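Treat the numbers as computed from the prediction; the structure is a model and nothing was measured.
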Amino acid sequence: MDEGRGAVPERSNLPKLGAAHLRLEELVAELQESTSATLLAADRFRLLLEAVLAVGTGLSLPDVLRKIVEGACRLADARYGALGVIGENDELSAFITVGVDDETRARIGDEPRGHGILGLLVRDPKPLMLRDLGKHPSSVGFPPNHPPMRSFLGVPVRARDAVFGNLYLCEKQGADEFTETDQELVSALAVAAGVAIENASLYAEQRRREEWLDAIAEINRELLAGAQIDDVLHDIGVRAGSIARADAVRVMLSCDDGLSLEIVATHGEHAAETTGMTIPIEGTAAGEAYTKGEIQLVRDASQDPRVFLPAIEPLHPGTVVYAPFSGADQTLGVLSVDNAKGGRAFDALDIEVIGGFARQAGLAIELARGRGDRERLRMLEDRERIGRNLHDTVIQRLFAVGMLLQAAVADHGDAVTDRISKAIDEIDATIKEIRTSIFVLATPRRSGLRAEILDVVHDYAERSSFEAHVVFDGPVDTAITGRVQRDLVATVREAVSNASRHALARRVDVSLAVADDVVLEVVDDGVGIREGEKRRSGLANLHARAAALGGSFDVTTTPGSGTILMWRVPLGAAGEEGARDG
């Protein structure tokens with residue numbers, strides 16, 4: 001009996017031991033599940049902390065936005081993620097994506113603007129979680145080539161007490177839908193993201209202001225170093241384009257007539273095609289900026305009637321900002337900053353920086369002009385001395401030579417007489433040129449029609465590097481006034497512009513004579529006008545101006561051998577027009 005006692009347990013105790021073992025297994029399983037859940041929660045909080053730290057260490061706004069999306073995808077185990085930035089009119093102005101490669105994005109096409117579910121979150125910025133976003137009433141479906149997406153989680157991101165944008169997550173990996181925990185974690189990340197976005201925005205704003213100040217400082221250094229006004233104007237255009245992140249920039253200064261603005265410097269693709277064009281002040285957005293001294297924003301240049309299309313069409317612009325160049329006592333002109341149609345729209349910071357830069361640049365332009373005036377005053381004494389010498393010595397000697405030649409005509413045969421007559425004609429032409437030079441040298445204040453034509457021709461000559469030659473004959477300043485004067489200046493500008501921009505001329509001769517008729521002749525040595533081009537709008541305008549005054553306009557050209565433009569109106573028409581205007 002004793003040998004068997006304790007060796008084999010009683011059969012009645014076996015069920016009890018089995019139940020205890022099962023309970024022990026259940027407790028172990030519960031403990032493992034609890035431990036796994038605790039470890040999982042710890043891992044997810046660690047991911048949240050890493051994501052918050054990642055977005056908090058960036059200062060570049062694009063980098064910060066991408067880190068936010070990447071962190072949200074890791075937190076919620078999402079295959080796809082995006083952050084839509086809310087712009088004007090509650091549309092998405094930017095869309096940063098994760099999980100979709102560049103090739104797929106290119107096949108999808110344009111970025112979303114805020115329709116369907118995305119628009120719902122824009123209009124009602126509250127967390128939204130869907131098992132199948134395609135079944136939601138606001139869903140508008142996906143564009144062609146878009147990856148399939150079902151589960152969805154959207155969370156608003158707030159910055160500066162406003163909704164900056166929304167986080168969008170799709171395709172929960174390993175499950176059919178996102179969980180409440182996913183929503184809580186991503187919402188917590190969105191709070192940190194808002195702070196990071198605000199810091200990055202403040203940093204970007206500060207950097208833009210520093211660029212603005214650096215640009216103005218550099219322009220002022222150029223002025224102090226003696227830079228010419230044309231170089232300063234060009235540099236203003238280049239730096240304005242960089243500061244504003246713009247596709248094209250045009251610098252416009254007021255014309256002497258007070259009725260228009262001239263594009264004197266440009267920067268950007270196709271912008272050079274508008275150089276030298278004039279924009280009327282009345283009825284245009286540029287004119288409003290000039291007269292009111294306030295920034296004018298045009299959201300779509302192709303649709304706004306205030307935009308003077310001939311001077312902007314080559315740029316294919318969308319958004320345009322016109323900012324006045326303000327001097328100490330007056331507005332000097334307008335800075336036009338353009339972005340191509342369909343491109344980036346200018347935001348409030350862009351407009352503020354453009355306006356501030358234009359104000360400072362206006363002072364720089366005024367300083368450059370003032371320095372130029374002082375230099376001209378210092379040169380005036382020498383110019384007058386040279387003019388007197390030309391009149392008292394050179395012209396008198398040429399007259400004496402001409403009289404000697406005329407006296408010798410009768411003593412020689414016909415052949416010699418012809419040669420002497422040609423020499424006398426050359427002397428007369430030389431005297432006319434010297435008189436023009438004397439006028440330029442001896443005029444302390446450039447005014448009148450002569451000065452205006454000289455300014456136009458020399459301005460184009462400096463800009464296009466061609467040799468200019470201008471001759472006047474007759475009472476140009478006193479006989480030509482009113483509408484004829486305005487049309488004549490416009491004709492000179494158009495003719496010289498064509499010679500420099502289209503004909504690629506190396507030399508341009510301008511001759512204006514007043515006798516029975518007012519006759520303008522512009523001769524260039526350019527490539528000529530090809531067959532079929534004589535009807536282009538610029539030449540048609542010149543013909544129309546002459547016809548309106550009872551005159552004529554003729555073009556003589558040989559491809560490859562230059563062009564001769566002859567614009568003629570009766571002197572009586574000039575006198576009558578002058579009387580009416582006077």
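- Every residue two or more places apart in sequence or in another chain that forms a side chain to side chain donor-acceptor pair (under 3.5 Å) with Asp235 is listed here: Arg239.
- Separating the OG1 atom in Thr319 from the CG atom in Asn339 is a distance of 6.5 Å, to the nearest 0.5 Å.
- In summary, of the residues considered (Ile480, Val484, Thr491), a side-chain contact (heavy atoms from CB on, under 4.5 Å) with Val569 occurs for Val484 alone.
- A distance of 7.0 Å separates CD in Glu452 from CZ in Arg493, rounded to the nearest 0.5 Å.
- Pro475 is linked by a side-chain contact (heavy atoms from CB on, under 4.5 Å) to Thr478, Ala479, Val514, counting only residues two or more places apart in sequence or in another chain.
- Here the side chains of Asp304 and Arg299 are not in contact, with every heavy-atom distance at 4.5 Å or above.
- Residues Phe346 and Ala244 approach most closely at CE2-O, 3.6 Å, considering heavy atoms.
- In this structure, the side chains of Tyr290 and Tyr322 stay at 4.5 Å or more apart for every pair of heavy atoms.
- Judged by distance alone, with hydrogens and angles left aside, the side-chain atoms of Asp525 form a donor-acceptor pair with the main-chain N or O of Arg506 at under 3.5 Å.
- Residues that satisfy the side chain to side chain donor-acceptor pair (under 3.5 Å) test with Glu269, not counting sequence neighbours, are absent from this structure.
- Proximity of Val518 to Leu512: side-chain heavy atoms (C-beta onward) are separated by under 4.5 Å at one or more points.
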- Task: Could you please spell out the steps behind the side-chain contact (heavy atoms from CB on, under 4.5 Å) verdict for Ile236 and Phe325?
- Result: CA-CA 11 Å; Ile236 287 173; Phe325 287 123; 4.2 Å; yes
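- Ion pairing of Lys341 with Asp300 is present here, as a side-chain N (NZ or NE/NH1/NH2) and a carboxylate O approach within less than 4.0 Å.
- Legend: residues meeting salt bridge (Lys or Arg N to Asp or Glu O under 4.0 Å) with Arg568, ordered by chain and number and at least two apart, are Asp517.
- Using a 4.5 Å heavy-atom cutoff, the side chains of Val238 and Val249 are not in contact.
- Of the possible donor and acceptor atoms, one in the side chain of Thr557 sits under 3.5 Å from a partner among the backbone N and O of Gly562.
- Considering CE of Met566 and CZ of Phe553, their distance stands at 10.5 Å, rounded to 0.5 Å.
- For Ser336 and Asp338, the side-chain atoms include at least one donor-acceptor pair closer than 3.5 Å.
- Glu352 meets the side-chain contact (heavy atoms from CB on, under 4.5 Å) test with Arg209, Leu349; sequence neighbours excluded.
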Criterion side-chain contact (heavy atoms from CB on, under 4.5 Å) on Leu542 and Val555, from CA distance to verdict | CA-CA 10 Å; Leu542 301 187; Val555 180; over 6 Å; no
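- For Lys292, there are no side chain to side chain donor-acceptor pair (under 3.5 Å) partners, not counting sequence neighbours.
- With sequence neighbours left out, the salt bridge (Lys or Arg N to Asp or Glu O under 4.0 Å) criterion links Asp350 to Arg208, Arg344.
- Under the 4.5 Å side-chain criterion, counting only non-hydrogen atoms from C-beta, Ile295 is in contact with Ile351.
- For Ile564, the side-chain contact (heavy atoms from CB on, under 4.5 Å) criterion is met by Glu521, Val523, Thr556, not counting sequence neighbours.
- The side-chain contact (heavy atoms from CB on, under 4.5 Å) check on Leu259 picks up Asp257, with sequence neighbours excluded.
- Between Trp567 and Val492, the closest side-chain pair of non-hydrogen atoms is not below 4.5 Å.
- In this structure the side chain of Pro314 reaches within 4.5 angstrom of the side chain of Thr274, judged on heavy atoms.
- Using a 4.5 Å cut-off on side-chain heavy atoms (C-beta onward), Glu494 and Asn541 make no contact.
- For the pair Arg250 (side chain) and Ala311 (backbone), a donor-acceptor distance under 3.5 Å is present.
- With sequence neighbours left out, the side chain to side chain donor-acceptor pair (under 3.5 Å) criterion links Ser497 to Arg501.
- Every pair passing side chain to side chain donor-acceptor pair (under 3.5 Å) that includes a residue from residues 240-249 is listed here, sequence neighbours excluded: Glu211-Arg245.
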Going by atom type alone, with no hydrogens or angles, which donor-acceptor pairs under 3.5 Å involve a side-chain atom of residues 275-288 and a protein atom two or more places apart or on another chain?
| residue | atom | partner | partner atom | Å |
| --- | --- | --- | --- | --- |
| Thr275 | OG1 | Thr266 | OG1 | 3.2 |
| Thr275 | OG1 | Ala272 | O | 3.2 |
| Thr284 | OG1 | Pro280 | O | 2.7 |
| Thr284 | OG1 | Ile281 | O | 3.3 |
| Thr284 | OG1 | Gly287 | N | 2.9 |
| Glu288 | OE1 | Arg306 | NH1 | 3.4 |

